[in-house]
Amino acid sequence: MVSKSDKKSQVPENDIYDQVIDLARRRGFVWPSSECYGSVAGFIDYGPLGTLLKRRIENLWRQFYVVSEGYYEIECPTIGQEAIYVASGHVGGFADKMCQCPACEEYLRADHVAEAHHVPDASVMNAAALQKAITGLPCPACGEKLENIEVFAFNLMFQTSIGPGSQRKGYLRPETAQGIFVDFGRLLRFYRDRLPFGTVQIGKSYRNEISPRQGMIRLREFTQAEAEIFVHPEEKNHPNFSRYADYSFPLFSSDQQQAGGEAKVYTMKDAVAQKVIANEYVAYYLALTHDLLTSIGVKPEKLRFRQHLPDERAHYAEDCWDAEIRSERFGWVETVGIADRTDYDLKAHAEGSGDSFTVYVQFAEPKRERRRVISANMGVLGPQYRGKAKAIADALATVAPGPDGATVTVDGEEYFVPSHLFEITEQDVDVRGTDVRPHVIEPSYGIDRMIYAVLEHSFDEEEVEGEIRKVMRFPSRIAPVQVAVLPLMTRDGLDTIAREITHTLHAHEILAEYDDSGAIGRRYRRQDEVGTPLAITIDYDTKEDQTVTLRDRDSMKQVRVKIGDLPLLISGLIKGQHNFADLCG
RNA sequence: GCAUCGAUAGUGUAGUGGUCAUCACUAGGCGUUGCCAACGCCUAAACCCGGGUUCGAGUCCCGGUCGAUGCACCA
């Protein structure tokens, strides 16, 4: 989504969108889905290199969240039964009430039309009421009076039916989060009944967008990577905060936005202390997100964090930030949302399902509490009230008795129970803990948008000896092909040695691509264009001394290394444990 | 969805209603080639879809799809 502040941005001169998309299509990163039947807006295919790139980015995400944070991943169905999305509010709230102007055929948001004419509470009206309210109002598009119009709900969820006879409604999930929320009870037990804990999910989500545009930016089927971190509502200091306390980057706070200011650089420590960010948890994941995004190749100067304005923030959210990535074509694009969602989701599912969705938290010290216990004399109550006796006794426990007795209401009838039929005692009990409904910190990543950003930010052109060299400067750990193996000649056994090296690298889980077609320079250029960080070239010296040249994509420099050192050397370079410049020594 | 513009090999393109459509790059094959898009020969490859007008449509008209832009939409 393009942020409000940049809505009117014009297409700038250094817009490389067309070139990036052209390269992505040509070289097998991304293309429109089902082109042979005419593609459908909002659906894309990841080609061979795009899929590799995507997996590598997802795996780096896992390295941050699953391996380092210890938030294990789960996988839930993409189709969910109706009850889930009724409780989550998506069935009711994820729909827009729309109508179509009979005169100009424009689709309109019915509540917006009503609000524009100061109809009170338009946003909470049902379809019938809205229909009444806007009949006779002028169409905002053509000015004709709206007559005989029908207000209908356009739900952004794809609907389907489960089983034969379409008895059960199902929805394609509009976000992965709900799968984690509804599993809360199981997850809590998995994490042995203690807060905080987190769970993540990477997978497809679906939204039937009215009019998707902007290539891979707004899709009808997209990949999300979401983390749901369950924390004690009063303990929002992150246990590991020191890791990012001094980490700094630009924050565009809601105050700054409203004052017409710019994003300002803060350390996380200061941002929390000055209450720019609500708490350490949110700050920690802002920083982690900055760390993660720059690791996959988002340029730091094209990354900022924008706080939601009070009116765009969901009513339940305590704080909400978007990581926005600068695209020359689209402006600042929302790519990651990080929110403190409080207990909204768990409460909704507790109400919807009847389960508690709480954690029993023990106090450090048991608290002594004075408790009033009312015990009824069932020997008398039983014969007197028969079937109602139990209900009356239970009801007694909840009322404040008068001096003569207590009046209770059971099944709509009042009963007076005289005081000699029950006994009130006061007891001191040890209360060892309490049921707590956790708050949820949710970092939610749009993987497809991250991939687009990486493509755009990695794309580079430079002039080399009068020719334009196109090069994707992917960080080596996310590059689809990790190393190219190129025999200088296809004869005298050079190709055989090259194939052996390729196989050895494969055995070390390195994705090496063998290529012997065409001149060596052409092969380097081909690999540059798909961002392969390293190339090994086998020449006649190889046969003499078992060495090859290793070429660096970015500097085009070469260094001679022993064949036997290749697997370790290359894995080290790919993981960033050492860099190419050091080899040149 | 509305409006404007566009759509020809993988890419970029040429193409007065009149021969199974131009050129370049790319790709594949063979040869040559001692490290940054070398060269020679050969090969493959396209008029977005559906109607209409016409003897004849890549070309004109209508509708659709997709894309770009503006508006609207974007829990």
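Each chain gets a letter, A, B and so on, in the order its sequence line appears, and its residues count up from 1. Every heavy atom of this structure was used, including side-chain atoms; hydrogens, water molecules and symmetry mates were not.
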**Prompt:** Closer than 4.0 Å, any side-chain N/O of A/Ser39 to the OP1 or OP2 of B/U65?
**Reply:** no
**Request:** With C1' as the reference atom in both, quote the distance from B/G1 to B/C60 in angstrom, rounded to an integer.
**Result:** 28 Å
**Asked** A/Arg491 side chain N/O closer than 4.0 Å to the phosphate oxygens (OP1, OP2) of B/U33?
**Response** yes
**Request:** To the nearest Å, give me how far apart CD1 (A/Ile520) and P (B/C39) are.
**Result:** 16 Å
**Request:** Hunt down the Watson-Crick or G-U wobble partner of B/U22, both distances under 3.5 Å, from any strand shown, or write none.
**Result:** none
**Item:** Whole angstrom value for the distance that separates C1' of B/C73 from CD1 of A/Ile217
**Value:** 17 Å
**Message:** Could you check whether A/Arg306 makes a cation-pi contact with A/Trp332, meaning its NZ or CZ is under 6.0 Å from the centre of the six-membered ring and within 45° of the ring axis?
**Reply:** no
**Asked** For B/A68, does either OP1 or OP2 sit under 4.0 Å from a side-chain N or O belonging to A/Tyr17?
**Response** yes
**Prompt:** Donor-acceptor pair under 3.5 Å: do we get one between A/Arg469's side chain and the base of B/C36?
**Reply:** no
**Item:** Check: A/Glu228/A/Thr199 side-chain N/O donor and acceptor closer than 3.5 Å
**Value:** no
**Asked** Does a side-chain N or O from A/Arg522 land closer than 4.0 Å to OP1 or OP2 of B/A38, or not?
**Response** yes
**Item:** A/Lys302 and A/Glu328 ion-paired at < 4.0 Å
**Value:** yes
**Message:** Without decimals, in angstroms, what is the distance between A/Leu486 CG and B/A37 P?
**Reply:** 14 Å
**Asked** Taking only side-chain nitrogens and oxygens of A/Arg26, does any of them come within less than 4.0 Å of OP1 or OP2 of B/A27?
**Response** no
**Prompt:** Is the phosphate of B/C35, meaning OP1 or OP2, less than 4.0 Å from a side-chain N or O of A/Arg523?
**Reply:** no
**Prompt:** Any Lys/Arg nitrogen of A/Arg329 or A/Asp15 sitting under 4.0 Å from an Asp/Glu carboxylate oxygen of the other?
**Reply:** yes
**Asked** Does any N or O donor sit under 3.5 Å from an N or O acceptor when you compare the side chain of A/Tyr524 with the base of B/C35?
**Response** yes
**Message:** Could you tell me how far apart A/Asp492 (CG) and B/U33 (P) are, to the nearest whole angstrom?
**Reply:** 10 Å
**Message:** Using atom C1' in both nucleotides, what's the gap between B/A44 and B/G10 to the nearest angstrom?
**Reply:** 11 Å
**Asked** In whole Å, what separates the P atom of B/G58 from that of B/C39?
**Response** 36 Å
**Request:** Report yes if a donor N or O on one partner sits less than 3.5 Å from an acceptor N or O on the other, where the partners are the side chain of A/Arg553 and the base of B/C36; otherwise report no.
**Result:** no
**Request:** Could you check how far CD of A/Glu35 sits from P of B/A46, rounded to whole Å?
**Result:** 15 Å
